[in-house]
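This report refers to the structure that appears directly beneath it.
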Amino acid sequence: MAKEKEINVEAFIQSSGAADILKGLQEKVEANKAAGKPFIISDVYDSAGNQYVDLVQEGGGVWGVALLGYTYILEKMGIRFFSLAGTSAGAINTMLMAAIHNKEETKAEKIIDVLLRLDMFSFVDGKKGNWNATKWVKRNIQKFILKKNYLKRIKLTFFILSVSLVALSVGSFIASISITAPWVKWVALAALSVWAAVGIIFAFLFHRIKIIARSGYGLNEGRAFYNWMTGALHDNGIMDLADLKTHFCKTPPDLWVRRDEKRDATTINIEPPANPMLIIVASDISTGSKIEFPRMWKMYWKDLHDINPAVFVRASMSIPVFFETYKIPVSPEISDAAETWKDLINWNGDIPKVVEMVDGGVLSNFPINVFYNAKYIIPRMPTFGIRLGGSGIREAYEINSVGSYLSSLISTLRTNTDKDFINKNKAFELGVKEVDLSGFSWLNFFMNDEDKKAIFKKGAQAAADFLLGFNWEDYKQQRFNNSEVLEMQRKNPNNW
């Protein structure tokens, strides 16, 4: 079970500086209202004045703490979340937001309490029954992340040993031809012994890799995370997917839609939203498919009561190599399996007995497209998106080594789908803000409280900046303009 520690949520928020950010934002919003600029960010609202949006949260390891700061500010400004989507770290916050309290209630403080009491490094749980390997993994992962030159030192050490070994071997070979002294034989024997030792080490490593491969190609089982997420869901009355469905699909009884003449003229039956969506993205590497949970649950299980929703998040956060792949047995009792697989992922082959899932970010780290509804040319509520990373200014990859080549190739593959959607639907970018987390490692599972506060504050500041710059009327107009461009492309597909 993941370790927990005591934390005072109010003290954490105050000392992080997020409370001051909120106060400053509220003062600016009030000043804008006095100047005739009302704080309207959606046309869907309830009788308490809360405004509703759909929310998409990007993956990014422990950078997910910034998501807490961001959603904390949104909630304190009266913003509530109707549909939710997320990948990896974004999936964690998404699932907790889906399970804790009702939609019209605030959730941020409860989630802060749940997440920040954790010793995140307990998620680095190594391999069952092999504590020595687990300690080695933890020690070296920590060095790799914290010490900037750790990897360079490993490469330098390996290079020096390799050169020394080759020099010793070549030198002893040349000496044995031209020198007859007895010590030459001992040098040659030493070289042979070193080569034998290297062979034994590589044989051992190969054996360990085979063990890792059999258990899912990862250094950590991810069992500690799974148990923690299960406990968090149970604490909120969610025992299975049936419970989550019942809870999450409850909508506030007093939702309203503010009139918009242009939208009302182009859309039939303007009613408050009634079908909230929950999307957790994982990558099925057995079939090469992007999987959206819980929508695709029928591919693997027979009944809602058979499913622990923690499975969805455990699959979504399976960082390749760092965590084992998450294996899901396909129930043989699914009566219409072939039809279901065909319908959901266009599968026409034999259905595997077991599928293996990795981090959803491999295929879609920021699933901003999932709430797009072509029926609403002018939307009733916006889709907000929280990105984690740099300053938001896109820069070309500098490719000057094999490492940079592979890094840029992988980055292109994992972000292409999400970027392509925004390129074709640029209005969605108006609802997206990127939190600048430069200088913080996304794999720092052992970050201290000061780092957590700094990252939380980064998220809070990004949310405040976003809300001050967001214009709901501009967003709707851009969505309308975008629909006209797409319609023109549909009528005239000639690309010359």
Side-chain angles (χ1 to χ4, degrees), residues 53-71 74 81-98 277-284 289-293 295 312-313 315-320 357-373 379 382-395 397 407-438 440 442-443 455 458-459 462-463 465-466 470 475 478-479 482:
V53 304
D54 293 333
L55 182 68
V56 179
Q57 300 180 78
E58 186 175 38
V62 297
W63 283 351
V65 175
L67 300 173
L68 299 181
Y70 202 106
T71 52
L74 294 186
F81 312 106
F82 191 78
S83 291
L84 295 164
T87 299
S88 197
I92 299 172
N93 203 35
T94 292
M95 180 60 76
L96 292 174
M97 293 174 72
M277 296 172 62
L278 176 64
I279 302 291
I280 304 292
V281 177
S283 303
D284 178 357
S289 305
K290 184 179 84 169
I291 302 300
E292 296 178 359
F293 289 124
R295 183 173 70 87
F312 305 154
V313 189
S316 181
M317 55 77 70
S318 302
I319 302 169
M357 302 276 183
V358 299
D359 196 316
V362 170
L363 295 177
S364 179
N365 202 40
F366 184 55
I368 189 67
N369 63 313
V370 294
F371 300 136
Y372 175 64
N373 187 342
T383 295
F384 282 178
I386 313 172
R387 305 209 68 169
L388 305 174
S391 62
I393 300 174
R394 295 175 63 178
E395 296 180 355
Y397 299 114
S407 176
S408 60
L409 178 62
I410 293 171
S411 180
T412 298
L413 293 174
R414 68 195 294 265
T415 61
N416 177 66
T417 300
D418 305 328
K419 287 181 179 177
D420 184 61
F421 175 80
I422 289 183
N423 288 340
K424 294 177 180 177
N425 300 272
K426 291 183 173 59
F428 277 81
E429 196 164 25
L430 298 180
V432 176
K433 180 69 174 180
E434 185 166 11
V435 185
D436 185 358
L437 296 169
S438 304
F440 295 95
W442 66 280
L443 278 177
I455 292 177
K458 288 273 190 177
D465 294 341
F466 168 74
F470 181 75
Y475 182 93
Q478 287 296 324
R479 285 282 297 269
N482 200 90

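- Residues passing the side-chain hydrogen bond (donor to acceptor under 3.5 Å, both in side chains) test with Asn373, sequence neighbours excluded: none.
- The two residues Phe366 and Gly385 have their closest heavy-atom pair at CZ-CA, 3.7 Å.
- Residue Ala98 comes nearest to Leu278 through the heavy atom pair CB-CD1, 4.0 Å, listed as atom of the first residue, atom of the second, then distance.
- A distance of 9.5 Å separates CG in Asp420 from CG in Asn369, rounded to the nearest 0.5 Å.
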Apply side-chain contact (heavy atoms from CB on, under 4.5 Å) to the pair Gln57 and Tyr70, showing each step before the final yes or no. CA-CA 10 Å; Gln57 300 180 78; Tyr70 202 106; over 6 Å; no
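- At distances below 3.5 Å, at least one donor-acceptor pair connects side-chain atoms of Asn365 with backbone N or O atoms of Gly59.
- The line from CG of Asp436 to NZ of Lys458 is 5.0 Å long, rounded to the nearest 0.5 Å.
- Closest of all the heavy-atom pairs between Gly361 and Thr87 is N-CG2, 3.1 Å.
- Between Lys290 and Val281, the closest heavy-atom pair is CG-CG1, 3.8 Å.
- Taking Phe466 as the reference, Phe384, Phe470 meet the ring-ring contact (aromatic ring centres under 6.0 Å, His included) condition, with sequence neighbours excluded.
- For the atom pair CE of Met95 and CE of Met317, the computed distance is 13.0 Å after rounding to the nearest 0.5 Å.
- Between Tyr475 and Thr383, the closest heavy-atom pair is OH-N, 3.2 Å.
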Using side-chain contact (heavy atoms from CB on, under 4.5 Å), reason through Val62 and Ile455 one step at a time and then give a plain yes or no. CA-CA 9 Å; Val62 297; Ile455 292 177; 5.5 Å; no
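- Here the side chain of Trp63 pairs a donor or acceptor atom with the backbone of Phe440 at under 3.5 angstrom.
- Looking only at distances, a side-chain donor or acceptor of Ser283 sits under 3.5 Å from a matching main-chain atom of Asp359.
- Residues Val53 and Leu74 are not in side-chain contact: their nearest non-hydrogen atoms beyond the backbone lie 4.5 Å or more apart.
- Under the 4.5 Å side-chain criterion, counting only non-hydrogen atoms from C-beta, Asn482 is not in contact with Phe428.
- Counting only heavy atoms from C-beta outward, the side chains of Tyr372 and Arg479 approach each other to under 4.5 Å.
- With hydrogens and angles ignored, the 3.5 Å screen pairs a side-chain donor or acceptor of Thr94 with a backbone N or O of Ala85.
- The minimum heavy-atom distance linking Leu67 with Ala89 is given by the pair CD1-O, 4.0 Å.
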